[in-house]
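A quick write-up on the structure given underneath.
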There are 2 protein chains.
Amino acid sequence: MRKGVLEYCILSILSRKEAYASSIIDELKAANMIVVEGTLYPLLIRQKNQGLLSYRWEESTQGPPRKYYVITDKGREVLSEMDAAWQEMVSTIQTLRNHD
Amino acid sequence: MRKGVLEYCILSILSRKEAYASSIIDELKAANMIVVEGTLYPLLIRQKNQGLLSYRWEESTQGPPRKYYVITDKGREVLSEMDAAWQEMVSTIQTLRNHD
DNA sequence: TTTGAATACCTTGTATCACAAAGTACCAAA
DNA sequence: TTTGGTACTTTGTGATACAAGGTATTCAAA
């Protein structure tokens, strides 16, 4: 029953292109999903420690350097498992919800 | 970001007919959703304390008396809010997932 | 030159929640 | 009267999301 929707969203965003924390927060916000820094930073570190992400530093002209996260092959594997798990969850809820 | 999928499932099940904890677990299991007693009992108590559920005792021929939970009017209201929130979550994920 | 605003990263403390495990209690059949 | 099945409850632990605060860099304005 452990959900991990947020992890799913992060991997999903990073599967399209690399990004740094603040930009991920913006993208989530644009999708109506509120996440704060205190949630996201530890989560990125966790996913990196699990081998799902790597990162590189990049200078910015607008302030301090940015930590760009990149999804790994293992991250893509896990993402596709999460796709399946999410689809199953959606259809489970649908079953429960329309059961008569 | 706190979702409460499990709360949603419980209200959904109880919106069809009253039930006691063990039968709810069986129904969830039938829908491929594993939930254990130590999760469900506190959750039912929480929802009761929030006024979403009430309960009554009923004797059983098969063992100890059962605590049948019943959804309240407020519970039905919250359930319909959860319906909307769930639909929004599903479409948010879809947006993130298919964004290009 | 220093100050402040903007950007970005990180940490700490707290509350909640799902689970494992153990405990309590009732009943019927062997 | 003991055993097995059913049912409810509690306790302890780990994970996680959040609020709040802290550190550090850059640039522009005072």
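So you know, we letter chains A, B, ... as the sequences are listed, proteins then strands, and number each from 1.
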| said: Ring of B:Tyr55, cation from B:Lys67 - is the NZ or CZ under 6.0 Å from the centre and inside 45° of the axis? | reply: yes

| said: From the set C:dC9, D:dT16, C:dT11, return the single nucleotide nearest to any side-chain atom of A:Lys67. | reply: C:dC9

| message | Could you check whether the side chain of B:Glu37 and the base of D:dC8 have a donor-acceptor pair of N or O atoms closer than 3.5 Å, going by distance alone? | response | yes

| request: Answer yes or no: side-chain N or O of A:Gln62 and base N or O of D:dC27 forming a donor-acceptor pair under 3.5 Å. | output: no

| D:dA17 C1' sits how many Å from A:Tyr8 OH, rounded? | 21 Å

| task | Go through the steps to decide whether A:Ile10 and A:Leu40 satisfy the test side-chain contact (heavy atoms from CB on, under 4.5 Å), and finish with yes or no. | result | CA-CA 9 Å; A:Ile10 303 310; A:Leu40 185 58; 3.6 Å; yes

| query | Nearest of D:dC8, D:dC18, C:dC19 to any side-chain atom of B:Tyr41? | reply | D:dC8

| said: Just the rounded figure in Å: distance from C1' of D:dC8 to CG of B:Leu43. | reply: 15 Å

| message | Distance check needed: D:dA7 C1' versus B:Tyr55 OH, whole Å only. | response | 15 Å

| field | More than 12 heavy atoms of other groups within 6.0 Å of A:Asp73 CG | value | no

| message | Need to verify one output field. Residue with the more 5' nearest nucleotide on DNA chain C, A:Ser60 or B:Glu7? | response | A:Ser60

| What is the distance from CZ of B:Arg66 to P of D:dT9, rounded to the nearest Å? | 14 Å

| message | Under 4.0 Å from OP1 or OP2 of D:dC8: is there any side-chain N or O of B:Tyr20 that close? | response | no

| said: Under 4.0 Å from OP1 or OP2 of D:dC8: is there any side-chain N or O of B:Ser22 that close? | reply: yes

| request: Please test B:Lys29 against B:Ile25 for side-chain contact (heavy atoms from CB on, under 4.5 Å), starting from the C-alpha separation and ending with a verdict. | output: CA-CA 6 Å; B:Lys29 203 174 295 171; B:Ile25 288 177; 4.3 Å; yes

